[in-house]
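Input: a single structure, listed below in structure tokens.
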Amino acid sequence: MTVIDPDTQAGWVPEADELDDEEEMPLSLRLSIADTLTLGNATCGFMAVYFTTTGILIPHLTGSTENGMARHSAATAVILMLCAAVFDLFDGLVARKLRSSPMGAELDNLSDLISFGLAPAYFVLVYGMVADDAHQRVAALSAIVVLLAVVLRLARFSCVTLKDGMFQGMPSPFGALTVVSIVLLELPFVATLLAILGTAWLMVSRVEYPKPRGRLAGAMLGWIVLSMGLLAGWAFDAPSGQLLLQTGCALQLVMGAVIPLFATARRVNNFRGNRREARAAQLP
């Protein structure tokens with residue numbers, strides 16, 4: 001019922017709950033804990049681009065490059081990408097344990113595009129501008145290939161339903177870390193270019209990679225922490241820091257090549273086992 005104030009002749013409605021219901025935020029716009037972790041992923045990716053620009057690119061363009069500063073900024077950028085991978089790992093775990101908002105999947109794809117598409121591609125682009133033996137335009141093309149590979153991979157991931165426990169193609173966080181590892185190895189330009197293009201192909205390929213769950217998730221987290229330690233030691237010029245960094249980067253490349261071999265071998269063994277069972281069932 002509407003009550004009229006005799007002094008002001010204004011109407012007011014005492015049922016405040018009706019207004020609260022109308023002003024309540026729609027369910028689709030509420031952020032869950034998993035969504036907050038996903039936004040942390042995007043923030044880390046953006047800050048990786050920032051440190052790559054301010055610590056490596058701008059000093060190079062202005063002629064004030066210092067090896068220590070560039071090394072520290074490169075390590076900071078890669079550590080931020082590693083932090084983004086940690087956020088990406090935990091937002092999925094939290095979403096499965098608790099809940100995810102209706103826009104959780106879209107947030108995850110957009111954040112992955114920033115942290116594992118734009119950030120590593122930009123890292124490759126800057127590498128092509130500052131490295132002595134690099135060709136800027138060719139490096140720019142390879143950076144575009146990396147970015148498009150992540151875009152295509154994320155789009156396919158949203159549209160294709162895969163069997164549980166497996167990814168089709170190298171996961172974008174793993175691909176991004178492999179790309180920056182290739183750059184940090186400081187191989188000859190042609191070898192670096194071919195390795196980057198090979199990683200981009202793996203991301204859009206049909207090669208199977210296991211999802212990081214259970215022990216594998218713990219192993220991945222341990223590897224990320226170890227990589228952060230190696231990067232920090234290299235950034236602060238620790239004894240044998242360069243050798244430790246190169247060892248860690250080489251192991252990243254080896255894992256990128258070996259992990260799908262295990263998945264392929266398991267698939268072959270399963271296929272052979274199914275054939276033996278089918279033959280046994282046909283026998284009298």
Side-chain angles (χ1 to χ4, degrees), residues 44-45 48-49 51-52 55-56 67-86 88-89 115-134 139 142-143 145-147 149-150 170-203 207 209 212 216 219-262:
C44 288
V49 173
F51 278 100
T52 304
I56 303 176
N67 290 334
M69 178 183 178
R71 184 169 61 245
H72 185 272
S73 297
T76 302
V78 180
I79 286 175
L80 284 166
M81 292 186 219
L82 288 167
C83 290
V86 173
D88 185 63
L89 175 65
S115 298
F116 311 125
L118 175 62
Y122 187 71
F123 198 81
V124 172
L125 177 66
V126 173
Y127 154 76
M129 299 178 69
V130 303
D132 294 332
D133 64 337
S142 63
V145 170
V146 171
L147 179 63
V150 175
M170 180 182 286
S172 52
F174 199 89
L177 298 179
T178 303
V179 167
V180 297
S181 296
I182 294 168
V183 174
L184 292 176
L185 275 175
E186 297 182 353
L187 300 171
F189 177 73
V190 175
T192 300
L193 179 66
L194 292 176
I196 289 173
L197 294 178
T199 304
W201 175 81
L202 281 174
M203 283 193 281
V207 177
Y209 282 78
L216 185 58
M220 179 179 175
L221 182 60
W223 172 250
I224 290 174
V225 173
L226 176 61
S227 299
M228 289 181 179
L230 294 175
L231 285 164
W234 172 68
F236 292 102
D237 203 16
S240 303
Q242 182 71 25
L243 178 60
L244 291 175
L245 176 73
Q246 292 177 346
T247 303
C249 292
L251 286 175
Q252 176 71 29
L253 268 66
V254 170
M255 286 195 301
V258 170
I259 288 176
L261 292 180
F262 282 108

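Just so it is clear, the model here is predicted, and its values are computed rather than measured.
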Sole residue of Val78, Val179, Val146 in side chain to side chain contact (heavy atoms under 4.5 Å, CB included) with Phe123:
Val78
Specify the closest pair of heavy atoms between [X] and [Y], including all atoms of both residues, with the distance to one decimal.
| X | Y | result |
| --- | --- | --- |
| Ser73 | Gly55 | OG-CA, 3.1 Å |
| Gly256 | Leu202 | O-CD1, 4.3 Å |
| Gly241 | Trp234 | O-CB, 4.0 Å |
| Ala119 | Ala48 | CB-CB, 4.3 Å |
| Ile79 | Ala232 | CD1-N, 4.5 Å |
| Met81 | Ser115 | CG-O, 4.2 Å |

From [X] [atom1] over to [Y] [atom2], what is the distance, rounded to the nearest 0.5 angstrom?
| X | Y | atom1 | atom2 | value |
| --- | --- | --- | --- | --- |
| Ile56 | His72 | CD1 | NE2 | 11.5 Å |
| Asp88 | Cys44 | CG | SG | 11.0 Å |
| Ser227 | Leu245 | OG | CG | 9.5 Å |
| Phe174 | Met220 | CZ | CE | 8.0 Å |
| Gln246 | Leu251 | CD | CG | 12.0 Å |
| Thr52 | Leu125 | OG1 | CG | 10.5 Å |

Using the side chain to side chain contact (heavy atoms under 4.5 Å, CB included) rule, take Leu231 and Leu184 through it: C-alpha gap first, then chi angles, then the decisive distance, then the call.
CA-CA 10 Å; Leu231 285 164; Leu184 292 176; 3.9 Å; yes
Applying side chain to side chain donor-acceptor pair (under 3.5 Å), name anything that partners Glu186, two or more places apart in sequence or on another chain.
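In terms of side chain to side chain donor-acceptor pair (under 3.5 Å), with neighbours along the sequence ignored, Glu186 is linked to no residue.
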Under the side chain to side chain donor-acceptor pair (under 3.5 Å) rule, collect the residues that match up with Thr178, sequence neighbours excluded.
Gln252
Tabulate below the donor-acceptor pairs under 3.5 Å that side-chain atoms of residues 189-199 make, not counting sequence neighbours, or state none.
from   : atom 1 : to     : atom 2 : distance (Å)
Thr192 : OG1    : Leu187 : O      : 3.3
Thr192 : OG1    : Pro188 : O      : 3.1
Thr199 : OG1    : Ala195 : O      : 2.9

Any non-hydrogen side-chain atom of Val150 less than 4.5 Å from a side-chain atom of Met203?
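Touching, per the 4.5 Å side-chain cut-off.
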